[in-house]
Amino acid sequence: MKHALFLFLLLFVFISHKETQAQSPKYVIDSLKVQLKSAKLEQDQVAIYSELTWYWAMVNLDSALDYGRRSLTLAEKMGDQKVISQAYSDLGNAYNQRGEFAEAKAAYKKALELRTEIGDSAGMAGSKSNLASIHQRLYQTDSAMMYYIEALDYYEQTGNERYINFVKNNLGVLHEDMRNYPKALEIYAEVAEYREKNQMIPELAMLYNNMGNIYKATKEYDKSEDYFQKAMENGLKAGDSLVLSVTYLNLAALYNAAERPDDAIKAATEGIKIAEKVNSFYDQAMMEYALANSYSKKREYLKAKNLYQKAILTLTELEAKEEVASIQLRMVPMFAALNMPDSAQYYTDRYIDYRNSLTEAQVAELTNELQTKYESEKKDREIAQQQLALRNKNIQLYGSLFLALALAGVGYLLYKQQKLKNRQLQQEGELKAALVQIETQNKLHEQRMLISRDLHDNIGAQLTFIISAIENLKYFEPIKEQLTQRYDSIADFTKQTITELRDTIWAMNSGKVNWESLTGRIQDYIQRAGNSASGIRFEFSMSDTIKPDQTLASADAIQVLRILQEAIQNAVKYSEAHSVQVKIEETNTGLEVTVQDDGKGFDESAIRPGNGLYNMRKRAEELSGKLEIDSKPGLGTSVVLTWPKS
């Protein structure tokens, strides 16, 4: 269960928030309502709305959103951009606490845009920290770290110790997310000293929650429970319902981990009451998840099933994909225990679908291609041993595939328990080890970095080794003359595979790819094509309306690159052209890439399309675009790819 979901969010509001935060939120709300009745000026009213949004977020999120919208409406009527940006920031806080992260991110971005326009440096730093917290909750570690560092730099320059403390706390949570527990605890100790000195009660409660989660992760359960109890005491003292909800959820997770399901049930039940009261849908669903885990441990599977399914419905609406996948994985052995193999298989398939979506389609395609080549071309004993060594070195890359197979077999193995008893024991052991591994792989970014690093360090290294070995074998007599051509062909294929592998890693390591980077890859490929076909003149152009820093999704970038490479390769191999033009343009509806040659052309109806044309069209479909090929004998060939802007 992700402790990062419980971090204290850094939100920048009016000074009065800080002056009254030691009082009960309900008391402050009642006081603000009295002030609102007597407020005559719009600037006073909008300031009170902002305060009410902030404090209602600690008590009832529906009310917080209502006052947040009132604040925004009045601020827009006043036309004061600074006030409008604050209203968006307050709304973002309410959405964030509610678990509606897409809406929170949009509100924080709008606040940052407005503050950037008016040069509000302090407000910009606050918005960046808010955006960092959203990226952190969405497991986008790189973006979160970037925004936190930018915010911290500003507060250190201005000497704002309070906000420095907030940002450092969130950086500690980020290190905790990355399993760097010693560094996280070091930062937390510094943060705790400041908060204890300044009696920051709600903030201390959230900090103790974070520290408790670290000790839970390291299986120091007694220390973990002590910190959660300290968090509970501070949450009660502050009267902060959200802090209490988070603490109950953490306690339930701790008790489940410590094999104390009855205590976990009590904690989760209390937490659900509070989450329902404040309409925190995310916390409520996660406590239903924890409660289901407890009933599953007690073998009360029907209760567990109903709670799992209820939590999945809520988390699916909130687009919490990783949490949904974790629940689906938990449900597989539960349905197996209920002797419901069809349901076990169904949730196994759902989990496998999620795992497969973590990697780019090109990576899977490249992996399968390499595996097929190795298995078909190296049959003798010596090469088989090399393949075994390669598989051992690439165990992390293929681990997800083996895990998927193990999970798919769980339902079947339990269903055929008597007949396949020995095999069942083996597979169950593999499943148990795999489940431990899965619980540590909590981020999409960690998955992507793991696979890209493994591709680079292992497969890339092995391919380079194969090239070197092939080059050396060419000089062995007496087979040199007979096999040189075959060795050259294999070496060329392997070099091409390395190039494509590097392109794939380049795309995987970037959540977004700018056009400057993409066109650099395209021009490199055109140069290599020109070197291999000296009789063909290549020209490349890109419309000035496409800015170099303009970005597109990494998955889209690799599709465009692969289609261009295939089109250029076909022109070089088959067209007998004197020139090939590559153009990238922006249209009213989207983007357009054209590869035009002046070669001999062909009649498309008279040829049998190969895998190359099929793959180009398939990639175009995945871009939500289309691929048109216009060719006539003697008049050259034009390949045009169009797709909408993202």
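Remember, it's a predicted structure, so these values are computed and weren't measured experimentally.
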Salt bridge (Lys or Arg N to Asp or Glu O under 4.0 Å) filter on K600, not counting sequence neighbours, yields E576
Applying side chain to side chain donor-acceptor pair (under 3.5 Å), can you list everything that pairs with S631, at least two apart in sequence or on another chain? T637
Taking side-chain contact (heavy atoms from CB on, under 4.5 Å) as the test, write out the residues that go with K632, two or more places apart. D630, L635
Applying side-chain contact (heavy atoms from CB on, under 4.5 Å), can you list everything that pairs with S343, at least two apart in sequence or on another chain? F335, M340
Could you tell me which residues satisfy side chain to side chain donor-acceptor pair (under 3.5 Å) with D603, sequence neighbours excluded, listed by chain and number? S605
Which residues share a side-chain contact (heavy atoms from CB on, under 4.5 Å) with E100, sequence neighbours left out: Y95, R98, E103, F281, L318
Quick one: list whatever passes salt bridge (Lys or Arg N to Asp or Glu O under 4.0 Å) with K321, sequence neighbours left out. none
Please identify each residue that fulfils side chain to side chain donor-acceptor pair (under 3.5 Å) with T545, with sequence neighbours left out. S543, E586
List for me each residue that meets salt bridge (Lys or Arg N to Asp or Glu O under 4.0 Å) alongside E539, sequence neighbours excluded, and say none if there are none. R537
Salt bridge (Lys or Arg N to Asp or Glu O under 4.0 Å) filter on E113, not counting sequence neighbours, yields none
Applying side-chain contact (heavy atoms from CB on, under 4.5 Å), name anything that partners N180, two or more places apart in sequence or on another chain. H175, P182, K183
Checking Y308 now: which residues fulfil side chain to side chain donor-acceptor pair (under 3.5 Å) with it, not counting sequence neighbours? N293
